[in-house]
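Note sheet for the following structure.
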2 protein chains.
Amino acid sequence: MTINFSLRQWEYAIAVADLLSFRKAAERCHVSQPSLSVQLQQLEGSLGVRLFERDRRRVLVTVAGRPLIERARRMLIDASDLMCAARQAQDPLVGTMRIGVIPTVSPYLLPRATAALRAKFPRLITEWTEDKTLALSHSVEEGTLDAALLALEAKLGDFSHATVAIDPFVLVARPRDPLASSPTPLRADALRNADVLFLDDGHCFREQALAFCTKAKAHELAFRATSLPTLTQMVAGGSGVTLLPQLAVATEVKRAKLRVRAFADPAPHRTLALVWRKQSPMVDALRQIAGAIRDAYPQTG
Amino acid sequence: MTINFSLRQWEYAIAVADLLSFRKAAERCHVSQPSLSVQLQQLEGSLGVRLFERDRRRVLVTVAGRPLIERARRMLIDASDLMCAARQAQDPLVGTMRIGVIPTVSPYLLPRATAALRAKFPRLITEWTEDKTLALSHSVEEGTLDAALLALEAKLGDFSHATVAIDPFVLVARPRDPLASSPTPLRADALRNADVLFLDDGHCFREQALAFCTKAKAHELAFRATSLPTLTQMVAGGSGVTLLPQLAVATEVKRAKLRVRAFADPAPHRTLALVWRKQSPMVDALRQIAGAIRDAYPQTG
DNA sequence: AAAAGTTGATAGTCACTAACTATCAAAATG
DNA sequence: CATTTTGATAGTTAGTGACTATCAACTTTT
């Protein structure tokens, strides 16, 4: 089986499949549209398979082309992994690392983490992207991100990971709330019939907190906050109580006069970890980065 | 991450890594040695990594190069899968299919199987290779074979499969042997203290038969046969009894005057199946081929 | 010890290929 | 109906990868 196509031809094909336009694809590939047209004709010719149905008004991927392009995607990820592995072979901790973070971690950990990384690996540039777990895990899978910092409790694909910290959940309530003065540590069933506020859909912290509270037979209030600051403000405003990750407490609670109570074991918590594609070429560097973040993680005082 | 190497360059690199010689590698790649030399220099240059340590008397793969070449291997398998998938997209059952078979199946099944395949898929050429399970499974993994027909009970890699038949084991003994006249079906413990002959190391049938007989507390005779015909002849010669796969009985036993006894449930058996790499591009065709072999499988009368 | 045969690297040449610009024809848009 | 936008085509050019011839260093043979 002789290979008679080039990686570049498939890059073009994938660009067209993504953008459904020859011109836009050509732009993305930094070549002229005719060059791309010709290359794709040659690719189709050498494969003996028509990949695209081009009407003069629209471009469609053919039925035969679809699975081929998916395979090609994988091949190109392999190729770019290889490229990357070569760079890593020169020095694992020089270059750029694209890492995703979930919104309930980002503001509380990144300031310290980035500082620590800059200090420890001065020649490493970290590019951080904030998004929810689902989007991040897709990005990691398709190679748009090198890794993501998120909670292992969420539904994830088949990743490798290095744990950064265990982040326990705590109860936050106004001082006059009965829960605020109940004995510490708090048992889960203390939440029975309590009115609890949660984050909006899509946040993994919502799912976890909700699961815990549902089991404890608490009530979910109708309002859903879009961020932890909002959530905290709602509690301060008297709408009920909520759970916060310990990580966020120092930042969020000092603004409002609220009481914080820890839970008795087995305490609800999330496991923050750096995750990456199993065959990522940057394992070594990623482990070291996870270690540095772990060391920089704020100690609960 | 821009890719600045070509698939061909890595083909060259892999050839050198395999053969540890530029000239031989060039020969395998059907190019002149200087062409290959230059391409590898460019590859190393664009990667910034030295892949080979070339003394003037020998070539070594560098420590940095080893993992890169392993990655490249995977990439090239992807590429050739893609090539193959394209061909399959034209018509899954046209072309050449390289299939391995184990020696304890090959002579008894291939005549019927190849005839059936020829009849059903006239434009498909099947190339058969006979070898033991371990070698076959390696070949399938690295893409030298498209599939292999073997017993699922053996230790295998992570393959997909389609079952072809269940092949029970039967006891073969001389007429005068006490086992030959014991009640049918035979219970396993009838073998206690019997002298049993087995195949040579490496045959999966040996492992399976041996496991069954060991559990039944039979004795293994010192002689190890290299094939089922030899095994049968030894029994006919009075050296003891043996197990044969049902599949082989019709062919082997008619030559010698031997008695065949089936075992009571749970009868020892092997599950013959066609196996292939999970991401093989030829799934469709392979399933159909397995189906055709299944239909052609000799019915036990 | 000299000759012959290895090895991989280098130099010079040539043909193919993939890029470019300019342009076309058809359809969508205003 | 003019304008814009689509992908395809033609012609040109620069780059690249192949070739042959040759070198320099080392091993083996005589």
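Quick note on labels: first sequence line is chain A, next is B, and so on, each numbered from 1.
Environment of CD in A:Q42: crowded, with over 12 heavy atoms of neighbouring residues, nucleotides or ligands closer than 6.0 Å. The environment of A:Q33 atom CD is dense: over 12 non-hydrogen atoms of other residues, nucleotides or ligands sit within 6.0 angstrom.
In this structure, B:Y12 and B:S35 have side chains that are not in contact, with every pair of non-hydrogen atoms separated by 4.5 Å or more.
Residues meeting the salt bridge (Lys or Arg N to Asp or Glu O under 4.0 Å) test with A:E207, sequence neighbours left out: none.
Distance, B:N4 CG to D:dG15 P: 17 Å, rounded to whole Å. One atom, CZ of B:F22, and another, P of C:dT6, lie 19 Å apart when rounded to the nearest Å. To the nearest angstrom, C1' of D:dT5 lies 17 Å from CZ of A:R54. In this structure, B:E11 atom CD and D:dG17 atom P are separated by 13 Å, rounded to whole Å. At whole-Å resolution of the value, CG in B:L40 and P in D:dA18 are 11 Å apart. Computed from coordinates, the B:E27 CD to C:dT7 P distance equals 10 Å when rounded to whole Å.
Residue B:S37 places at least one side-chain N or O under 4.0 Å from the OP1 or OP2 atom of C:dA9. Side-chain nitrogen and oxygen atoms of A:Q41 include none within less than 4.0 Å of the OP1 or OP2 phosphate oxygen of D:dG7. The phosphate of C:dT6 (OP1 or OP2) has no side-chain N or O of B:R23 nearer than 4.0 angstrom.
By the 4.0 Å N-to-carboxylate-O rule, A:R8 lies too far from A:E11 to be salt-bridged with it. Ion pairing between A:R206 and A:D201 holds under the 4.0 Å rule for side-chain N and carboxylate O.
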Pairs under 3.5 angstrom, nitrogen or oxygen only, protein versus nucleotides 16-20 of chain C, please.
{"from": "C:dA18", "atom 1": "OP2", "to": "A:Q39", "atom 2": "NE2", "distance (Å)": "3.4"}
{"from": "C:dA18", "atom 1": "OP2", "to": "A:Q42", "atom 2": "OE1", "distance (Å)": "3.1"}
{"from": "C:dA18", "atom 1": "O5'", "to": "A:Q39", "atom 2": "NE2", "distance (Å)": "3.4"}
{"from": "C:dA19", "atom 1": "OP1", "to": "A:R8", "atom 2": "NE", "distance (Å)": "3.4"}
{"from": "C:dA19", "atom 1": "OP1", "to": "A:R8", "atom 2": "NH1", "distance (Å)": "3.2"}
{"from": "C:dA19", "atom 1": "OP1", "to": "A:Y12", "atom 2": "OH", "distance (Å)": "2.8"}
{"from": "C:dC20", "atom 1": "OP2", "to": "A:S32", "atom 2": "N", "distance (Å)": "2.6"}
{"from": "C:dC20", "atom 1": "OP2", "to": "A:S32", "atom 2": "OG", "distance (Å)": "2.8"}
{"from": "C:dC20", "atom 1": "OP2", "to": "A:S35", "atom 2": "OG", "distance (Å)": "2.7"}

